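This structure is a prediction, so every number in the text was calculated from the model and none was measured. Along the sequence shown, residues carry numbers from 1.
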Amino acid sequence: MSNIRAVRGMNDILPDETPHWQHLEQTVGRVLGAYGYGEIRLPLVESTRLFQRSIGEVTDIVEKEMYSFEDRNGDSLTLRPEGTAGCVRAAIQQNLLGVPRRLWYAGPMFRYERPQKGRQRQFHQIGVEAFGVASPDMDAEVILLSARIWRQLGLAGSVTLQLNTIGSSAARQAYRAALVAYLEARRGELDEDSQRRLQSNPLRILDSKNPQTQALLDGAPALADYLDAESQDDFARLRELLDAAGQGYVVNPRLVRGLDYYNKTVFEWVTDDLGAQGTVCAGGRYDGLVEQLGGKPTPAVGLAMGMERLVLLLLAHASGVAERPADAYVVAVGAAAQREALVAVEAVRDRLDELVIVQHTGAGSFKSQMKKADKSGARMALIWGEDEVAAGTVTVKPLRDEAAQGGDPEQQTVPREHLEATLVAAFADRMG
Ligand code: ATP
Ligand code: MG
């Protein structure tokens, strides 16, 4: 029988990568906390209707990327393809919308896409949503907090901010008609995807990657010429705030988003370091969505970061987070020694929980245990043999040359009750 393997596009994240994930999560949690955002934890599964009504029936996600299924009751459910819809659903249902509300969440999302580097079927996002403020100072906040996250991750030099406004839905309708008229007349010159989108979602043609289509768009009507005055004013004000904060950006008049609920500000953080999957974070304003999902009219702005892509960037920049090696490795030969060691090390852990102490488990000669100790990367071995058990002592043996040169004492045998003090002295650099 062949072995069962992970589902295509759904990856295991292994211990040599998880430190980067943890670093990312901790950094984001810290920065968002400092801006007054609270974490919300949402279900992975929602009613299919939620996504149809929010993301839009004719978007790529709803048309062909959702994992939808009937449960045993015959209800149509969907593994969430993104987080905003569920967050808005929860904010309405839990009455969170009376005052400006700042929320964030992190976790897996599911889309049936063609897997490639930086594109999975199960991927992870960190989402940020700010409800209740219509003015562009809130857009500026969301953008500036993401910029702060890149700085703290050491990625500020690798990403640039692209910015646009897509106006009100009325302005977009007028523009849509003009764009479709222009492109209809040149239908034959469009790539296949764009021909299909001409009916369903013509604005998406603007961010087609096809060079011929892009060339064709050079002569097309510009969205900027159709914008309503309020959107133009808000965009000018946002740019003024970003300028004042020293935040650089590139206005990209063809930037649109793949989900229907956006209006006014849209933005993306992009990198050249990841090939085709260059967008690491995308966001914008979605003032109509809360009402559309049955809540009181509530303006909102948010963003979503792609965690896989950010981790790839962190790995590419080898930003000094590594799997943590052991500090001490416990070698104990024989049943009595194992028991002594277990009890002594448990007592040490009670007090010194910042140290990584790896206990040798299972059988093994002294020699083979010492080999494992060495391989673990630990700075020292804590050794219990027959002599130590008889004398109530433990032998502390430095394992790393550099540690020894740094002034670590030679191997020493100390009374068991001095073990904790010996470790505190040896790891003084580590103790807060
Ligand atoms: P793309 O154009 O790359 O398909 P998108 O517009 O579909 O992105 P959003 O729905 O805006 O993406 O999601 C926000 C972010 O989540 C993206 O910028 C990206 O970093 C990440 N992301 C989206 N889909 C995937 C995926 N299948 N695998 C990994 N990351 C993803
Ligand atoms: Mg996509």
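For Asp218 and Arg254, the salt-bridge test passes: some basic side-chain N is under 4.0 Å from an acidic carboxylate O.
Evaluation of the side-chain hydrogen bond (donor to acceptor under 3.5 Å, both in side chains) rule for Ser158 yields His317 as partners, not counting sequence neighbours. Considering only residues two or more places apart in sequence or on other chains, Tyr226 meets the side-chain hydrogen bond (donor to acceptor under 3.5 Å, both in side chains) condition with none of them. For Ala130, the side-chain contact (heavy atoms from CB on, under 4.5 Å) criterion is met by Tyr37, Met138, Val142, Val301, not counting sequence neighbours. With sequence neighbours left out, the salt bridge (Lys or Arg N to Asp or Glu O under 4.0 Å) criterion links Glu82 to no other residue. With sequence neighbours excluded, the residues forming a side-chain contact (heavy atoms from CB on, under 4.5 Å) with Gln120 are Asn11, Phe123, Glu308, listed by chain and number. With sequence neighbours left out, the side-chain contact (heavy atoms from CB on, under 4.5 Å) criterion links Ser368 to Ser365. Take Gln125 and apply the side-chain hydrogen bond (donor to acceptor under 3.5 Å, both in side chains) test, not counting sequence neighbours, and it matches no residue. With sequence neighbours excluded, the residues forming a side-chain contact (heavy atoms from CB on, under 4.5 Å) with Glu65 are Asp60, Ile61, Arg111, Glu113, listed by chain and number. Taking the side-chain hydrogen bond (donor to acceptor under 3.5 Å, both in side chains) definition, one finds that Asp193 meets it with Arg196, sequence neighbours left out. When the ring-ring contact (aromatic ring centres under 6.0 Å, His included) test is applied to Tyr35, no partner is found at least two apart in sequence or on another chain.
Annotation for Val331 and Ala373: closest pair CG2-CB, 4.3 Å, computed over non-hydrogen atoms. Residue Leu42 comes nearest to Gly86 through the heavy atom pair CD2-O, 4.0 Å, listed as atom of the first residue, atom of the second, then distance. The minimum heavy-atom distance linking Leu289 with Ser54 is given by the pair CD1-CB, 3.5 Å. Listed here is the closest heavy atom pair of Val58 and Ser200: CG2-O, 3.4 Å. In plain terms, the two heavy atoms of Ile126 and Ala106 that are nearest each other are CG1-CB, 3.8 Å. Summarising the geometry of Tyr67 relative to Tyr112, their closest heavy-atom pair is OH-CD1, 3.4 Å, with the distance given to 0.1 Å.
Side chains of Thr298 and Ile92 form no contact here, defined as non-hydrogen atoms less than 4.5 Å apart. Residues Asp191 and Ser208 meet the side-chain proximity criterion, which asks for heavy atoms closer than 4.5 Å. Residues Thr165 and Gln232 have side chains not in contact (no heavy-atom distance under 4.5 Å, counting atoms from C-beta outward). Between Pro108 and His124, some side-chain heavy-atom pair lies under the 4.5 Å cut-off. Looking only at side-chain heavy atoms (C-beta outward), Leu238 and Leu163 come within less than 4.5 Å of each other. Inter-residue side-chain proximity for Val280 and Leu274 is flagged as met; some heavy-atom pair is nearer than 4.5 Å. Residues Met380 and Phe427 meet the side-chain proximity criterion, which asks for heavy atoms closer than 4.5 Å. With contacts defined as side-chain heavy-atom distances shorter than 4.5 Å, the pair Thr422/Val394 does not qualify.
Within the 3.5 Å criterion, the main-chain N or O of Leu14 finds no donor-acceptor partner in the side chain of Asp12. In this structure a side-chain-to-backbone donor-acceptor pair under 3.5 Å is missing from Arg237 to Pro136. Proximity of a side-chain donor or acceptor of Asp287 to a complementary backbone N or O of Ala300 within less than 3.5 Å is detected. Side-chain N or O atoms of Thr78 include none that pairs as donor or acceptor with a backbone N or O of Ser47 at under 3.5 Å. In this structure, the side chain of Thr265 does not engage the main chain of Asp139 through any donor-acceptor pair within 3.5 Å. Side chain of Arg239 to backbone of Val251: no donor-acceptor contact under 3.5 angstrom is found. Counting only distance, with no hydrogens or angles, the side chain of Asn164 and the backbone of Pro253 share a donor-acceptor pair below 3.5 Å. Using a distance-only test at 3.5 Å, with no hydrogens or angles considered, no donor-acceptor pair links the side chain of Gln412 to the main chain of Val396. Between the side chain of Ser168 and the main chain of Ala171, a donor-acceptor pair closer than 3.5 Å is present. A side-chain donor-acceptor contact under 3.5 Å links Arg172 to the backbone of Ile166.
Counting non-hydrogen atoms of neighbouring residues, nucleotides and ligands closer than 6.0 angstrom, the CZ atom of Arg351 reaches no more than 12 such neighbours. Atom CD of Gln116 has more than 12 heavy atoms from other residues, nucleotides or ligands within 6.0 Å. No more than 12 heavy atoms of other residues, nucleotides or ligands lie within 6.0 Å of CG in Asp272, so this atom counts as exposed by the packing criterion. The number of heavy atoms from other shown groups lying within 6.0 Å of CZ (Arg187) is above 12. No more than 12 heavy atoms of other residues, nucleotides or ligands sit less than 6.0 Å from atom NZ of Lys296.
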Derivation and outcome, side chain to side chain donor-acceptor pair (under 3.5 Å), residues Gln277 and Arg309: CA-CA 8 Å; Gln277 270 54 254; Arg309 295 180 194 181; 4.7 Å; no
Worked check of side chain to side chain donor-acceptor pair (under 3.5 Å) between Asp137 and Ser135: CA-CA 6 Å; Asp137 47 345; Ser135 51; 2.5 Å; yes
Residue pair Phe51, Ser68: steps toward the side chain to side chain contact (heavy atoms under 4.5 Å, CB included) verdict: CA-CA 10 Å; Phe51 302 113; Ser68 299; over 6 Å; no
Worked verdict on Leu155 versus Leu314 for side chain to side chain contact (heavy atoms under 4.5 Å, CB included): CA-CA 7 Å; Leu155 297 178; Leu314 288 173; 4.0 Å; yes
Ile383 and Met370: CA distance, side-chain angles, deciding distance, side chain to side chain contact (heavy atoms under 4.5 Å, CB included) verdict: CA-CA 9 Å; Ile383 302 167; Met370 282 306 292; 4.0 Å; yes
Side chain to side chain contact (heavy atoms under 4.5 Å, CB included) assessment of Val358 paired with Ser376: CA-CA 8 Å; Val358 175; Ser376 75; 5.6 Å; no
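Atom CH2 of residue Trp269 and atom OH of residue Tyr249 lie 12.0 Å apart, to the nearest 0.5 angstrom. For the atom pair CG of Leu355 and CG of Asp327, the computed distance is 5.0 Å after rounding to the nearest 0.5 Å.
A donor-acceptor contact under 3.5 angstrom links the side chains of Glu129 and Tyr105, judged on distance only. Under the 3.5 Å distance criterion, with hydrogens and angles disregarded, a donor-acceptor pair is assigned to the side chains of Thr279 and Glu268.
Sorted by first and then second residue, the salt bridge (Lys or Arg N to Asp or Glu O under 4.0 Å) pairs with a member in residues 368-377 read Asp374-Arg400; sequence neighbours excluded. For residues 20-48, the set of pairs meeting the salt bridge (Lys or Arg N to Asp or Glu O under 4.0 Å) definition, not counting sequence neighbours, comprises Glu39-Arg41, Glu46-Arg89.
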